[in-house]
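Read the structure below first, then the notes.
For the single chain, residues carry numbers from 1 onward in sequence order. Note that ligands are numbered from 1 as they come in the structure, with each ligand's atoms numbered from 1 the same way.
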Amino acid sequence: MGKFKVLDHPLIQHKLSIIRNKDCGTREFREVVNEIAELMAYEVSRDMPLEDCVIETPIAKAKMKRLAGKKVVIVPILRAGLGMVDGILELIPAAKVGHVGMYRDEKTLKPVEYFVKMPDDLASREILIVDPMLATGGSSIMAVDALKKRGAVNIKFVCLVAAPEGVKALRQAHPDVDIFAAALDDHLNENGYIVPGLGDAGDRLFGTK
Ligand SMILES: O=P(O)(O)OC[C@H]1O[C@H](OP(=O)(O)OP(=O)(O)O)[C@H](O)[C@@H]1O
Ligand SMILES: O=c1cc[nH]c(=O)[nH]1
Ligand SMILES: [Mg+2]
């Protein structure tokens, strides 16, 4: 079973309290979502594989370590996942970026896929699917399905706020996927929104309603 980890670093918790506030405006929301994503990327990348290498410094040859393997792929689930991409790219600037477009039908709460564009060689790459919200789990499960269908095997899911219902569903559907969240909230309300949550992440990021 993949792990589920809440990243409770004080800076992450502090910044999360800023964006949860209903009075946080679009500009600040966008900035702070990226800042949290950057901090999370530091933890999420902790077990990235390294390989030996020899570097010639101005003084001597030195046995060093560098990242091994192909470039990481960041996959935002559109739209809200886009808000986390730049923050992660600050730490992993050479990463490739794939996109999965999906929205949740307001009545059924089921995800509807409308776009997929991925880099090549998914099978040999580490993939970070990012979306601020893990609610029922429907969107994340469908995103992992879409990537596995295209050959992906090494997948992590990174979100800001998770509901227990979504964590359970994603782990059941894809037990091999590690899940990282900045917070595990209480429950989903009758409209499928996370409580206390932060509202509709996409609308708050892009100023839509
Ligand atoms: O776990 P789930 O129940 O599937 O809900 C979570 C999904 O809902 C939100 O997207 P939304 O459908 O609002 O699309 P948007 O990002 O375009 O606003 C959110 O960003 C997730 O993708
Ligand atoms: O609370 C929620 C649930 C789904 N999508 C959001 O943006 N927020
Ligand atoms: Mg939305």
Worksheet item: Between the Mg ion (ligand 3) and D203, is there an N, O or S atom separated by less than 2.8 Å?
Response: no

Specify the protein heavy atom at minimum distance from [atom]: its residue, its atom name, and the distance to 0.1 Å.
atom                    : answer
atom 17 (O) of ligand 1 : R79 NE, 2.9 Å
atom 4 (O) of ligand 1  : S139 OG, 2.6 Å
atom 8 (N) of ligand 2  : G199 O, 2.8 Å
atom 11 (P) of ligand 1 : R104 N, 4.1 Å
atom 14 (O) of ligand 1 : M102 O, 3.9 Å
atom 2 (C) of ligand 2  : Y193 CD2, 3.4 Å
atom 7 (O) of ligand 2  : A201 N, 2.9 Å
atom 13 (O) of ligand 1 : D200 OD2, 3.8 Å
atom 1 (O) of ligand 2  : I194 N, 2.8 Å

Please list, in number order, the atoms of ligand 2 under 4.0 Å from a heavy atom of [X].
X    : value
R104 : 3 (C), 4 (C)
G192 : 3 (C)
A135 : 3 (C), 4 (C)

Evaluate the side-chain proximity of [Y] to [X]: yes if any heavy-atom separation is below 4.5 Å, no if none is.
X    : Y    : answer
I155 : H174 : no
I77  : F157 : yes
V130 : V75  : no
K156 : V44  : yes

Item to complete: Tell me which N, O or S atom of D200 sits nearest to the Mg ion (ligand 3).
Response: OD1

Worksheet item: Nearest heavy-atom pair of V153 and D176: which atoms, and what distance?
Response: O-OD2, 4.1 Å

Practice prompt. Write down the atom of M102, the atom of S139, and the distance for their closest heavy-atom approach.
Written response: SD-O, 3.3 Å

Numbering the atoms of ligand 1 from 1, which are under 4.0 Å from a heavy atom of [X]?
X    : result
G202 : 18 (O)
A80  : 16 (O), 20 (O)
G137 : 1 (O), 2 (P), 3 (O)
G138 : 1 (O), 4 (O)

Around atom [atom1] of [X], are there more than 12 heavy atoms from other residues, nucleotides or ligands closer than 6.0 Å?
X    : atom1 : value
Y103 : OH    : no
H14  : NE2   : no
M48  : CE    : yes
E106 : CD    : no

Worksheet item: What is the distance from atom CD of E43 to atom CE of M40, rounded to the nearest 0.5 Å?
Response: 9.5 Å

Worksheet item: CG of L198 to CD1 of I18: how many Å apart, nearest 0.5 Å?
Response: 13.0 Å

Worksheet item: In terms of side-chain geometry, is the basic nitrogen of D178 or K5 positioned less than 4.0 Å from the acidic oxygen of its partner?
Response: no

Item to complete: Return the option from T136, D203, I141, L160 holding the heavy atom at the smallest distance from atom 2 (P) of ligand 1.
Response: T136

Worksheet item: G192 near ligand 1, heavy-atom distance under 4.0 Å?
Response: no

Fill in: Proximity flag D131 to ligand 1, non-hydrogen atoms under 4.0 Å
yes

Worksheet item: What do you reckon, does A135 have a nitrogen or oxygen under 3.5 Å from a nitrogen or oxygen of ligand 1?
Response: yes

Worksheet item: Is the shortest distance from atom 7 (C) of ligand 1 to a protein heavy atom below 4.0 Å?
Response: yes

Discussion item. Tell me whether R204 reaches ligand 2 (any heavy atom closer than 4.0 angstrom to a ligand atom).
Written reply: no

Fill in: Sole residue of T26, D200, D203 in side-chain hydrogen bond (donor to acceptor under 3.5 Å, both in side chains) with T208
D203

